[in-house]
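Counting from 1, the numbers follow the sequence of the chain as shown.
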Amino acid sequence: MARQDVASILAVALIVGAFSYVPTSVQSIGVCYGVIGNNLPSRSEVVQLYRSKGITDMRIYFADGQALSALRNSGIGLVIDVGNDQFGSIAASASNAAAWVQANVQRYQGLTIKYIVAGNEVQGGDTRSIVPAIRNLNTALSAVGLGGIKVSTAIRFDAVANSFPPSAGVFAQSYMTDVVRLLASTGAPLLTNIYPYFAYRDNPRDIQLNYATFRPGTTVRDDNNGLTYTCLFDAMVDAVHAALEKAGAPGVRVVVSESGWPSASGFGASVDNARAYNQGLIDHVGGGTPKRRGALETYIFAMFDENQKTGIETEKHFGLFRPDKSPAYAIRF
């Protein structure tokens with residue numbers, strides 16, 4: 001997760017047999033499982049907690065062998081990041097991609113893999129590696145009969161410019177056109193990390209807290225198409241939809257690969273606001289957005305508070321659960 005640069009929004013008050021894969025039409029609420037902490041439960045305890053709470057899908061940020069072993073035959077849908085430390089080598093060599101698939105996919109029988117993520121919030125010159133990494137992983141998966149597993153990348157929201165009104169959304173850099181057209185050709189979704197929290201934190205004068213946290217009271221109209229918005233989350237997602245259209249990939253589905261609200265240690269970071277946002281998110285995404293109705297697959301960040309995360313203190317407090325597995329606040333899935 002990285003801080004979202006939403007300057008343009010801030011101006012508004014506004015394996016065949018042994019493996020299974022989930023068709024891209026399946027949508028649900030999942031939760032991201034990060035492990036940057038020294039006091040977290042074991043992987044097997046975490047999988048049991050997901051199941052006991054009815055959480056059907058998980059995103060992990062590297063091919064964590066202990067987690068993959070614990071997830072075997074769990075029925076939990078899985079999003080696996082290759083890890084940004086592995087991303088460059090996979091892009092550079094088809095044989096490296098094949099070796100990664102062999103070691104981290106074929107090796108673990110009984111997984112329900114939805115997507116493999118080639119790079120999380122890739123920036124700068126590394127963006128040139130996104131397309132070759134996706135291609136190499138697609139080739140490697142197809143070669144072993146696992147071509148049904150979709151490969152994508154996860155972008156920061158600031159990959160979109162001119163994001164208000166939502167209909168004005170356009171990708172900020174040209175590399176994204178190549179990325180999304182490749183996704184269109186393979187049927188993979190675009191994974192996008194969406195954080196209304198950072199937009200509100202950076203401009204509370206113009207963005208109302210209720211609008212940012214799914215509480216009622218604010219309506220914003222897009223004069224370009226007449227659509228109305230009652231939450232910032234929808235406006236941000238629809239800006240991505242607009243950018244996809246302008247890039248010639250209107251059929252690419254958006255998956256919200258991270259979204260959440262911190263419960264402590266920052267402006268607007270409180271238990272009440274975190275509960276309101278995350279419960280609102282769970283209750284809301286089944287209906288989609290004003291521009292794209294239908295269930296919107298979304299992953300809450302994150303399962304646990306992570307006490308070894310670097311950066312601002314707020315980063316340590318996005319968890320739905322404490323390390324002892326007790327809820328940080330009441331939440332219904």
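- Counting heavy atoms of neighbouring residues, nucleotides and ligands inside a 6.0 Å radius, atom CZ of R128 does not exceed 12 of them.
- A distance-only check finds a donor-acceptor pair linking the side chain of T153 to the backbone of G119 [under 3.5 Å].
- Grouping the Ile, Leu, Val, Met, Phe, Trp and Tyr side chains by contacts below 4.5 angstrom, directly or via other members, places V237 with L227.
- Side-chain atoms of H284 and D234, non-hydrogen and from C-beta on, do get closer than 4.5 Å to each other.
- Side chain of N136 to backbone of I90: a donor-acceptor contact under 3.5 angstrom is found.
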Checklist entry - Should F318 and K309 be marked as a side-chain contact (heavy atoms from CB on, under 4.5 Å) after you check the CA-CA gap, both sets of side-chain angles, and the distance that decides it? => result CA-CA 11 Å; F318 275 81; K309 292 206 76 171; over 6 Å; no
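- In this structure, I282 CD1 and I300 CD1 are separated by 4.0 Å, a value rounded to the nearest 0.5 Å.
- Side-chain N or O atoms of T314 include one that pairs as donor or acceptor with a backbone N or O of S265 at under 3.5 Å.
- Exactly one of V256, T192, V180, V252 qualifies for a side chain to side chain contact (heavy atoms under 4.5 Å, CB included) with V240. That residue is T192.
- At a threshold of 4.5 Å between non-hydrogen side-chain atoms, the residues F333 and L320 count as touching.
- The shortest non-hydrogen separation linking A154 to S257 is CB-OG, 3.9 Å.
- Here the closest heavy-atom approach between residue V254 and residue L296 is recorded as O-CD1, 3.4 Å.
- Nearest heavy-atom pair, K246 versus S167, reported as atom, atom and distance to 0.1 Å: NZ-O, 2.7 Å.
- Note on D324 versus R322: no salt bridge recorded, every NZ/NE/NH1/NH2 to OD/OE distance being 4.0 Å or above.
- Of the inter-residue distances, the one linking T112 atom OG1 with L78 atom CG reads 8.5 Å to the nearest 0.5 angstrom.
- Two residues are said to be in side-chain contact when any heavy atoms from C-beta on lie closer than 4.5 Å; V179 and F171 fail this criterion.
- With sequence neighbours excluded, the residues forming a salt bridge (Lys or Arg N to Asp or Glu O under 4.0 Å) with D283 are R332, listed by chain and number.
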Item to check | side-chain contact (heavy atoms from CB on, under 4.5 Å) between R156 and Q123, intermediate numbers included | outcome: CA-CA 9 Å; R156 289 162 50 115; Q123 300 290 292; 3.1 Å; yes
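- Side-chain N or O atoms of S163 include none that pairs as donor or acceptor with a backbone N or O of A239 at under 3.5 Å.
- Using a 4.5 Å heavy-atom cutoff, the side chains of V47 and R72 are not in contact.
- Once rounded to the nearest 0.5 Å, the distance linking CD of E258 with CD of E121 reads 5.5 Å.
- What you find for D222 and N224 is that their closest heavy atoms are OD1-N, 2.9 Å.
- Separating the CZ atom in R253 from the CZ atom in R292 is a distance of 10.5 Å, to the nearest 0.5 Å.
- Minimum interatomic distance between A91 and S129 (heavy atoms only, all atoms of both residues): CB-O, 3.4 Å.
- Between the CZ atom in R107 and the CD atom in Q102 there is a gap of 8.0 Å [rounded to 0.5 Å].
- With sequence neighbours left out, D81 forms a side-chain hydrogen bond (donor to acceptor under 3.5 Å, both in side chains) with R59.
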Checklist entry - Hey, mind stepping through N193 and N120 against side-chain contact (heavy atoms from CB on, under 4.5 Å) and telling me if it holds? => result CA-CA 9 Å; N193 299 340; N120 182 51; 3.3 Å; yes
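- To the nearest 0.5 Å, atom OH of residue Y195 and atom CG of residue D158 are 13.0 Å apart.
- Side-chain atoms of R43 never come within 3.5 Å of backbone atoms of L68 as a donor-acceptor pair (strictly under, hydrogens ignored).
- Formation of a donor-acceptor pair under 3.5 Å by the S185 side chain with backbone atoms of L182 is found in this model.
- No side-chain heavy atom of L232 sits less than 4.5 Å from a side-chain heavy atom of Y200.
- For the pair F304/L49, a side-chain contact is recorded, criterion being any heavy-atom separation below 4.5 Å from C-beta on.
- Under the 4.5 Å side-chain contact rule for hydrophobic residues, F267 and V271 share a cluster.
- Shortest non-hydrogen contact noted between V35 and L40 is CA-CD1, 3.6 Å.
- Proximity of a side-chain donor or acceptor of Y50 to a complementary backbone N or O of V31 within less than 3.5 Å is detected.
- Connection of L111 to V144 is established within a shared hydrophobic cluster, with ILVMFWY side chains joined at heavy-atom distances below 4.5 Å, either directly or through further cluster members.
- Taking 4.5 Å as the limit, every side-chain heavy atom of N104 sits out of range of all side-chain heavy atoms of I116.
- In the model, Y33 has no side-chain atom that pairs as donor or acceptor with a side-chain atom of D64 under 3.5 Å.
- Residues Y115 and E297 form a side-chain contact, since some pair of their non-hydrogen atoms from C-beta on lies under 4.5 Å apart.
- Side chain of W100 to main chain of S89: no donor-acceptor pair is present (N/O by atom type, distance under 3.5 Å, no hydrogens or angles).
- Using modelled atom types, no side-chain atom of N39 and backbone atom of P323 make a donor-acceptor pair closer than 3.5 Å.
- A donor-acceptor contact shorter than 3.5 Å is absent between the side chain of Q308 and the backbone of I36.
- A side-chain donor-acceptor contact under 3.5 Å links N38 and N307.
- Under the ring-ring contact (aromatic ring centres under 6.0 Å, His included) criterion, the residue pairs touching residues 224-247 are F214-F233, with sequence neighbours excluded.
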Checklist entry - For V220 and F164, what are the C-alpha separation, side-chain angles and deciding distance, and is it a side-chain contact (heavy atoms from CB on, under 4.5 Å)? => result CA-CA 11 Å; V220 176; F164 187 82; 3.7 Å; yes
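- Between the side chains of N210 and T218, a donor-acceptor pair is found at a separation under 3.5 Å.
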